[in-house]
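Input: a single structure, listed below in structure tokens.
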Amino acid sequence: MAATLTTQDVRDIQSSFAVMDVNKTELIDMEGFYTLWLGLGYSRNMSKQDLAVYIPQHQHEAITLNNVLTICSRHSRDSESEIATSFQLLDSTGSGCIRPSDLVTLAKDMGDSLTLEEAQCMIGDGKEGW
């Protein structure tokens with residue numbers, strides 16, 4: 001499904017990429033890309049393996065922002081109602097906040113690994129109601 005990235009989509013992707021690029025190398029790995037993908041509301045129906053098809057095997061540890069923009073431009077974000085439902089499922093306390101530990105649990109449930117530190121980089125400490 002082809003989609004056009006809006007200016008806001010590009011900004012969101014750039015911001016998320018910068019967060020995932022913890023070493024400031026302008027590269028992220030497949031794990032970081034998948035986290036970015038899900039975090040920005042792209043298809044939850046795609047597994048990390050499905051997404052990996054778009055990246056040559058030798059680049060799985062060195063994905064550029066341009067790679068991410070190109071792939072995201074081929075897909076649409078999930079609708080707001082799907083995102084709201086997902087948010088409610090992640091909000092384990094019903095507080096209106098997703099805590100980093102909630103993301104770690106989600107990743108584990110999906111068979112992926114995400115450290116608490118990575119989750120904290122994505123959403124902060126969870127005190128501000130992400």
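Note that OG1 of Thr105 and CG of Leu114 are 10.0 Å apart. Values are rounded to the nearest 0.5 Å. Rounding to the nearest 0.5 Å places CG of Leu40 at 10.5 Å from OG1 of Thr35. Between the CZ atom of Phe33 and the CG atom of Leu51 there is a distance of 4.0 Å, given to the nearest 0.5 Å.
Gln14 is linked by a side-chain contact (heavy atoms from CB on, under 4.5 Å) to Val10, Arg11, Leu65, counting only residues two or more places apart in sequence or in another chain. With sequence neighbours excluded, the residues satisfying side-chain hydrogen bond (donor to acceptor under 3.5 Å, both in side chains) with Asp102 are Ser92, Arg99. Partners of Glu118 by salt bridge (charged side-chain N to carboxylate O under 4.0 Å, His left out), not counting sequence neighbours: none found. Qualifying salt bridge (charged side-chain N to carboxylate O under 4.0 Å, His left out) partners for Asp9, counting only residues two or more places apart in sequence or in other chains: Arg77. The side-chain hydrogen bond (donor to acceptor under 3.5 Å, both in side chains) test applied to Thr25 returns Asp21, not counting sequence neighbours. In terms of the side-chain hydrogen bond (donor to acceptor under 3.5 Å, both in side chains) criterion, residue partners of Ser47 (sequence neighbours excluded) are, by chain and number, Gln49, Asp50. With sequence neighbours excluded, no residue forms a ring pair (Phe, Tyr, Trp, His ring centres under 6.0 Å) with Phe17. With sequence neighbours excluded, the residues satisfying side-chain contact (heavy atoms from CB on, under 4.5 Å) with Ala52 are Met30, His60. In terms of the side-chain hydrogen bond (donor to acceptor under 3.5 Å, both in side chains) criterion, Gln57 has no residue partners (sequence neighbours excluded).
Residue Leu116 is found in a hydrophobic cluster whose other members, listed by chain and number, are Val104; membership requires side-chain heavy atoms under 4.5 Å apart, directly or through intermediates.
Between the side chains of Asn67 and Thr64, at least one donor N or O sits under 3.5 Å from an acceptor N or O.
Put simply, Leu69 and Ile28 are part of the same group of oily side chains (I, L, V, M, F, W, Y) that touch within less than 4.5 Å, one to the next. Put simply, Val68 and Met46 are part of the same group of oily side chains (I, L, V, M, F, W, Y) that touch within less than 4.5 Å, one to the next. Hydrophobic clustering keeps Leu27 apart from Ile63 (ILVMFWY residues linked when any side-chain heavy atoms are closer than 4.5 Å, directly or through intermediates).
Judged as a salt bridge (charged side-chain N to carboxylate O under 4.0 Å, His left out), the pairs with a partner in residues 24-37 (not counting sequence neighbours) are, in order, Glu31-Lys48.
Checked by atom type and distance alone, the side chain of Ser15 never pairs as donor or acceptor with a backbone atom of Asp12 at under 3.5 Å.
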_Tyr42 and Ile13: CA distance, side-chain angles, deciding distance, side chain to side chain contact (heavy atoms under 4.5 Å, CB included) verdict_ = CA-CA 11 Å; Tyr42 285 91; Ile13 293 166; 3.8 Å; yes
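Summarising the geometry of Pro100 relative to Ala119, their closest heavy-atom pair is O-CB, 3.5 Å, with the distance given to 0.1 Å. For the pair Trp37 and Ser43, the tightest heavy-atom approach, listed with the atom from each and the gap, is NE1-O, 3.0 Å.
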